[in-house]
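Working notes for the structure below.
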Amino acid sequence: MEIKITLNENLKEKIKDESKLGFGNYFTDHMFLMDYTEGKGWHDPRIIPYRPISVDPSCLTFHYGQTVFEGLKAYRSAEDEILLFRPQENFKRMNLSCDRLCIPRFDEKLALEALKKLVDIERDWVPHQSDSSLYIRPFIFADEEFLGVRVSKSYKFMIILSPSGPYYASGLDPVKIYVEEKYVRAVPGGMGEAKTGGNYAVSLIGQAEAESKGYSQVLWLDGVERKYIEEVGAMNIFFVIDDVIITPILNGSILSGITRKSVLELLRKQGAKVEERKISIDELVAAYDDGKLQEVFGTGTAAVISPVGELMYKNKKMVINNNQIGPISQSLYDNLTDIQWGRQPGPTGWSIKV
Ligand code: PLP
Ligand code: COI
């Protein structure tokens, strides 16, 4: 399928002071759009000027949430090359989310070609500042006009781009995380592993309550026993206990993070002691009480490597590594961002030049 391109004749002014970008506030001049119609499949892939789209008030997504999304980034290297980090992994995961949400699969090669074309057109929008990048948001939503609960017969696949700074206003400074006991995010057999709006909608109340207490995100426990650690609102979680790096095993209710996977690969290559396994909050508290909890950090596209300086569980405040960035978090941050920004070569296929 050929991707049709219509260029925007009214370009916006770029953001001059990149330190003021924040996350997800600005959008570029073009977007990608493709339609799905039952009987016809995915069709009409096109890049068009960025603008609002119109959908009918009965559009199924508004009512029943049949939608998936992804998040990845484009980075500007010192040589002014534009690099994508493992984009194939995002489209692969997006199709897995589609499977769970009964959305028809799309052609991952076509999606990557569309993304490269779109980012190429928008290359001047990729920020120059060291901690900023072009955040990429592919998403699919059901747009059939109908009110019954069933799988939609039509969809839109879109990609929009947002020049962004760090996800947390604090940058690489350690974040404070609230261990949630009242609400749950996902249950076995649910859709926790899919990247779909409902998983974020369900998290908002816990997130809002945590924020009102001065915490930036919530650490979710398993939805049945509220005992085993799952993940944070927008990142996977790692613990360094007694020199072993532990992250919860993928159990179907945790998002299979691409940063998580990359960090595990980097650590194993370095010969670090790494464990993917069930880890309970009680084990974590015991390690803390024994002085064995050395570091905690989150991993995510938006959050990169985010050191955790404080965990609050049942009124117990656990201050980690004196609220300082630990050596493993710092070295992973350096290692990963060096690869993402093209300062160091990464494993084959991680950096895709636009
Ligand atoms: N977990 C959740 C719930 C997320 O939203 C994200 C962000 O995408 C992650 C984990 C980290 O995933 P990734 O490293 O692929 O960005
Ligand atoms: C990401 O890291 O890409 C995310 O999707 C996190 C958040 C903005 C939902």
Side-chain angles (χ1 to χ4, degrees), residues 21-27 67-75 84-97 100 115 131-140 159-169 175 177 180 183-187 190-204 206-207 210 216-223 229-238 247-267 276 296-306 308 332-333 335-337 339-340 346 350:
L21 281 173
F23 180 85
N25 294 311
Y26 300 99
F27 301 95
T67 175
V68 298
F69 72 96
E70 268 304 326
L72 67 157
K73 285 173 172 174
Y75 308 83
L84 299 168
F85 185 71
R86 311 190 81 177
Q88 301 97 323
E89 294 287 336
N90 290 89
F91 290 129
K92 199 162 111 191
R93 185 173 67 186
M94 195 169 178
N95 260 334
L96 292 174
S97 298
R100 181 62 181 84
L115 174 60
D131 59 357
S132 302
S133 55
L134 187 68
Y135 185 76
I136 300 165
R137 172 54 59 84
F139 61 106
I140 300 177
I159 306 177
I160 57 173
L161 308 174
S162 175
S164 290
Y167 188 66
Y168 296 112
V175 290
I177 304 261
E180 182 61 64
Y183 306 107
V184 298
R185 173 186 178 274
V187 291
M191 59 181 191
E193 197 175 31
K195 208 155 165 68
T196 181
N199 285 332
Y200 298 81
V202 77
S203 75
L204 294 176
Q207 168 81 20
S216 48
Q217 282 206 22
V218 162
L219 176 63
W220 296 104
L221 301 178
D222 79 90
I229 295 169
E230 298 230 309
E231 63 180 321
V232 180
M235 50 191 197
N236 295 110
I237 191 88
F238 285 73
T247 192
I249 191 153
L250 300 176
N251 60 357
S253 59
I254 299 175
L255 190 80
S256 172
I258 293 156
T259 321
R260 174 189 182 280
K261 178 177 175 172
S262 306
V263 158
L264 288 172
E265 285 174 45
L266 290 174
L267 287 169
E276 286 178 83
V296 181
F297 58 90
T299 63
T301 298
V304 198
I305 302 292
S306 209
V308 175
L332 277 171
Y333 179 88
N335 200 344
L336 189 66
T337 54
I339 296 170
Q340 290 170 332
W350 281 24

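Start at 1 and go down the list; that is how both ligands and their atoms are numbered. Sequential numbering from 1 along the given sequence is applied to the chain's residues.
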Quick one: nearest non-hydrogen protein atom to [atom], plus distance?
atom: atom 5 (O) of ligand 1; value: Y200 OH, 2.6 Å
atom: atom 3 (C) of ligand 1; value: G233 O, 3.2 Å
atom: atom 5 (O) of ligand 2; value: K195 NZ, 2.9 Å
atom: atom 6 (C) of ligand 1; value: A234 O, 3.4 Å
atom: atom 8 (C) of ligand 2; value: Y167 CE1, 3.6 Å
atom: atom 12 (O) of ligand 1; value: G257 CA, 3.4 Å
atom: atom 14 (O) of ligand 1; value: T259 OG1, 2.5 Å
atom: atom 2 (O) of ligand 2; value: A302 N, 2.9 Å
atom: atom 9 (C) of ligand 2; value: Y200 CE2, 3.8 Å
atom: atom 16 (O) of ligand 1; value: T301 OG1, 2.6 Å

With heavy-atom distances below 4.5 Å as the criterion, would you say the side chains of [X] and [Y] are in contact?
X: E70; Y: R137; answer: no
X: F91; Y: L115; answer: yes
X: Q217; Y: Q207; answer: yes
X: K195; Y: L255; answer: yes
X: W350; Y: E265; answer: yes
X: L266; Y: I339; answer: yes
X: K261; Y: L264; answer: no

May I ask you to list the atoms of ligand 2 that are less than 4.0 angstrom from any heavy atom of [X]?
X: F69; result: 5 (O)
X: A234; result: 6 (C), 7 (C)
X: G71; result: 3 (O)

For this session: Examine the proximity of ligand 1 to E89 and report which part, side chain or backbone, both or neither, has a heavy atom under 4.0 Å away.
Result: neither

Problem set entry | Per-residue contact class, I254 against ligand 1 - non-hydrogen pairs under 4.0 Å | neither

For this session: Fit a plane to each ring of Y135 and F23, take the angle between them on a 0 to 90° scale, and name the class: parallel (under 30°), tilted (30 to 60°) or perpendicular (over 60°).
Result: perpendicular

For this session: Could you check R260 against E231 for salt bridge (charged side-chain N to carboxylate O under 4.0 Å, His left out), going step by step and ending with a plain yes or no?
Result: CA-CA 11 Å; R260 174 189 182 280; E231 63 180 321; over 6 Å; no

Exercise. Stepwise, does the side-chain contact (heavy atoms from CB on, under 4.5 Å) test hold for M235 with S306?
Worked result: CA-CA 9 Å; M235 50 191 197; S306 209; 3.8 Å; yes

Problem set entry | Within the 6.0 Å centroid threshold, strictly below: F69 and Y200 | yes

Hey, which atoms in ligand 1 end up nearer than 4.0 Å to a heavy atom of [X]?
X: R93; value: 12 (O), 13 (P), 15 (O)
X: T299; value: 11 (C)
X: G300; value: 11 (C), 14 (O), 16 (O)
X: R185; value: 3 (C)

Exercise. Does ligand 1 have an atom that lies less than 4.0 angstrom from a heavy atom of K195?
Worked result: yes

For this session: Report yes or no: does E70 have a heavy atom closer than 4.0 Å to ligand 1?
Result: no

Problem set entry | S162 side chain to Y26 backbone, donor-acceptor under 3.5 Å | yes

For this session: Start with the C-alpha gap between L219 and I229, add the side-chain angles, then the distance that decides, and say whether side-chain contact (heavy atoms from CB on, under 4.5 Å) holds.
Result: CA-CA 7 Å; L219 176 63; I229 295 169; 3.7 Å; yes

Would you say ligand 1 has an N or O under 3.5 Å from any N or O of [X]?
X: E231; value: yes
X: I258; value: yes
X: S256; value: no

Exercise. Would R86 and S262 count as having a side-chain donor-acceptor pair, cut-off 3.5 Å?
Worked result: yes

Exercise. Under 3.5 Å, is there a donor-acceptor pair linking the side chains of N251 and E230?
Worked result: yes

Seminar exercise, completed: Short version for E70: what comes under 4.0 Å of ligand 2, heavy atoms counted, is neither

For this session: Tell me which part of K73 gets within contact of ligand 2: side chain, backbone, both or neither, using heavy atoms under 4.0 Å.
Result: neither

Seminar exercise, completed: Shortest non-hydrogen pair, N90 vs G71, comes out as ND2-O, 3.0 Å

Problem set entry | Nearest neighbour of atom 9 (C) of ligand 1 from the list V263, V304, L255, N199, on a heavy-atom basis | L255

Exercise. Rounded to the nearest 0.5 Å, what separation is found between the CG atom of N199 and the OG atom of S97?
Worked result: 9.0 Å

Exercise. Do any heavy atoms of M235 fall under 4.0 Å from ligand 2?
Worked result: no

Exercise. Has ligand 2 got any nitrogen or oxygen that is less than 3.5 angstrom from a nitrogen or oxygen of Y135?
Worked result: yes

